[in-house]
Amino acid sequence: MKKIAAAQLKVGMFVVNAGLSWMDYPYLYQEEGELTSSEQIDAILEGGYAEVFVDPGRGSYLGLKDEGPLEDSLLGHADSLSGTQLKKINLVEEMGRARKIYADSLQFAREFLQGARMGYLVDYTQSERLVESVIDSVVRNEDAMVSLTKLRSFDEYSYTHSINVAVLAVAFGKNLGLPRDRLRALGSAGIFHDLGKSRIPEAILNKPGKLTAEEFEVMKSHPRFGFELLVQQGSASDQVLLGVLQHHEKFNGKGYPGGVSGNAISLLARIIAVADVYDALTSERVYKKGMMPYKALSLMYTMRGEDFHIGYVERFIKSMGIYPVGSFVRLSTREYAVVTGSNMAAPLFPQVTVVLTPGQRGCPPRELDLDAARNGGETIEIIECLNPRDFKIDPAAYLM
Ligand SMILES: [Fe+2]
């Protein structure tokens with residue numbers, strides 16, 4: 001068995017599942033079997049995988065058996081990632097800028113969704129400007145924009161949702177190592193993914209409860225409507241159009257509108273799908289409470305290989321952290337804290353701010369880096385994730 005860079009894969013090589021944890025090896029492709037087409041290899045590379053274990057003794061590819069040992073290193077991929085982690089600027093510093101960008105984007109979402117209902121075309125140039133500033137903020141410190149997606153108000157769901165999906169998709173895309181032009185397309189596809197809902201009757205759109213079969217059929221036309229509206233507008237690239245059209249397609253082919261499956265679903269659509277479901281699950285609506293992020297992530301984990309492509313939920317979790325910024329947690333010290341910084345390298349040990357004593361009394365906020373504490377010999381663990389509202393805590397107050 002040899003570990004090679006994904007870029008060195010050839011048709012006929014036999015991929016081995018080494019059984020390694022995706023938490024430790026998020027960029028290792030592990031779906032066992034012989035590679036039968038170059039499209040399959042393209043899909044692995046597009047999926048952001050950096051390395052693969054192959055068995056030279058199996059598969060029809062002969063080259064491996066003759067060649068000397070192949071390079072046994074991780075690509076620049078993960079290295080460049082940790083590089084961006086290091087360059088992060090302070091969360092508090094980024095928060096002010098991120099709030100402004102989020103507020104501007106939200107205003108834009110209100111305008112284009114209301115405008116689309118009245119038959120106006122979207123202002124694509126403005127969306128591109130906003131996406132650019134979202135990407136800049138995410139590159140500086142993704143925790144700022146990502147934490148803002150948790151602070152929405154439920155009466156504005158349709159607007160906040162389109163911005164949240166764009167933000168989450170861009171942050172995820174950055175962590176997958178996608179180049180900037182892909183992030184731009186991802187941001188635009190995120191903002192406009194539900195544009196087609198402007199053509200769905202409000203009675204169906206805002207129905208608080210389960211849709212009837214007929215209503216669901218109407219609802220299922222929104223990705224195509226959105227695609228058509230963007231085609232009509234004329235500025236969106238094919239990547240963006242596909243991202244919008246396919247955002248409800250599933251890996252197993254049971255999605256809509258095309259019922260396409262597997263690699264026929266574009267990379268952008270796969271990413272948007274993960275961000276979309278995560279935001280929908282964790283959002284507070286008039287008729288339902290938002291699911292706690294860690295619960296949403298574990299539910300989504302059970303949907304991998306069905307709704308989502310193998311590896312995507314896993315890497316989304318890695319990207320968000322098990323405890324996303326803004327989560328309210330109880331520590332092994334029995335104190336209560338707000339998660340104020342993610343740590344991709346050690347997702348179980350984020351940065352937190354202690355806000356309540358073991359007796360649930362307020363205390364002066366105390367910053368604590370769980371990873372640094374652990375490295376210093378004092379292991380403090382997160383025991384459970386709690387709903388801050390039950391403790392009259394507003395996590396946002398500790399992120400400023
Ligand atoms: Fe949708």
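Order of listing sets the numbers, starting from 1, for every ligand and every atom in it. Residues take their numbers from the sequence shown, with the count starting at 1.
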*asked:* Exactly one of Q360, R366, R330 should register a side chain to side chain donor-acceptor pair (under 3.5 Å) with E335. Which one does?
replied: R366

*Shared-cluster residues of M292, by chain and number - hydrophobic side chains joined below 4.5 Å*: Y294

*Do the charged groups of D181 and R184 touch, with an N to O distance under 4.0 Å?*
no

*Please list, chain by chain and in numerical order, all residues satisfying salt bridge (Lys or Arg N to Asp or Glu O under 4.0 Å) with E46, sequence neighbours excluded.*
R182

_Hydrophobic cluster (4.5 angstrom, side-chain heavy atoms) - remaining members for M118_ = Y120

_Test side-chain contact (heavy atoms from CB on, under 4.5 Å) on F349 and E381; report intermediate values, then the result._
CA-CA 7 Å; F349 297 93; E381 290 175 325; 4.2 Å; yes

*Tally every protein N/O/S atom whose distance to the Fe ion (ligand 1) is less than 2.8 Å; waters are neither shown nor counted.*
4

